[in-house]
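Read the structure below first, then the notes.
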Amino acid sequence: MNKKLIWKIVKNILKVVVTVAALYWVFSKVSIQDLKDALLKSNPLFLLFAFLAYAISILISSSRLLSFLTAIGLHVSERYNFKLYQLGLFYNLFLPGGVGGDGYKIYFFEKSIVLKVESCLEHYSLTD
């Protein structure tokens, strides 16, 4: 096997291990029975509205990111932009500080589209 394939396998194993460890830590702090009771006592209509509001806000924000990227000359598909936005949300949740997801997007654009980091930072920092 070549080194790239081995690194890809190791990276995926590490992702699973970190995810399992994080879930274990969360569920060791929160009683599953308490969580179940809270969900059963809640109003399902309010949970549905909350879920829909969150989903709509993600779609609107993703659309806003796409219009920004198009305005600075980066043309990506709507589907790809949505995936990139979701990855940014994920990194914002799990990386400390306020740069997590935005930093990943800048790194990605610099790496895959061969943009200069300074140019990407200049344009991208205008949106925040």
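Every heavy atom of this structure was used, including side-chain atoms; hydrogens, water molecules and symmetry mates were not. Quick caveat, the model's predicted, so the values are computed rather than measured.
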What is the distance from atom [atom1] of [X] to atom [atom2] of [Y], rounded to the nearest 0.5 Å?
X: L23; Y: T19; atom1: CG; atom2: OG1; result: 6.5 Å
X: L14; Y: I9; atom1: CG; atom2: CD1; result: 12.0 Å
X: S77; Y: K83; atom1: OG; atom2: NZ; result: 8.0 Å

Should [X] and [Y] be regarded as members of a common hydrophobic cluster, given that ILVMFWY residues are connected when their side-chain heavy atoms come within less than 4.5 Å of each other, either directly or indirectly?
X: F27; Y: V18; result: no
X: L93; Y: Y85; result: yes
X: Y91; Y: Y80; result: yes

Inset, instruction - Have a look at W7 and tell me which of K11, K4, K3 forms a side-chain contact (heavy atoms from CB on, under 4.5 Å) with it. - result: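 Filter result, single survivor: K11.
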Legend entry - Heavy-atom check, side chain of V76 versus side chain of L84, under 4.5 Å: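 No; the side chains remain at least 4.5 Å from each other.
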Legend entry - Other cluster members, I60 - Ile/Leu/Val/Met/Phe/Trp/Tyr, side-chain contacts below 4.5 Å: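 Members alongside I60: I56.
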Legend entry - Remaining members of the apolar cluster that contains Y24, side-chain heavy atoms under 4.5 Å: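 Joined to Y24, directly or through intermediates: none.
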Check whether [X] reaches the backbone of [Y] with its side chain - one donor and one acceptor, N or O, closer than 3.5 Å.
X: S62; Y: L59; answer: no
X: S61; Y: I58; answer: no
X: T70; Y: L66; answer: yes

Listing, residues 34-55 side-chain donor-acceptor contacts under 3.5 Å, not counting sequence neighbours, or none:
unit_1 : atom_1 : unit_2 : atom_2 : d
D37    : OD1    : Q33    : NE2    : 3.1
S42    : OG     : L39    : O      : 2.8
N43    : OD1    : L45    : N      : 3.0

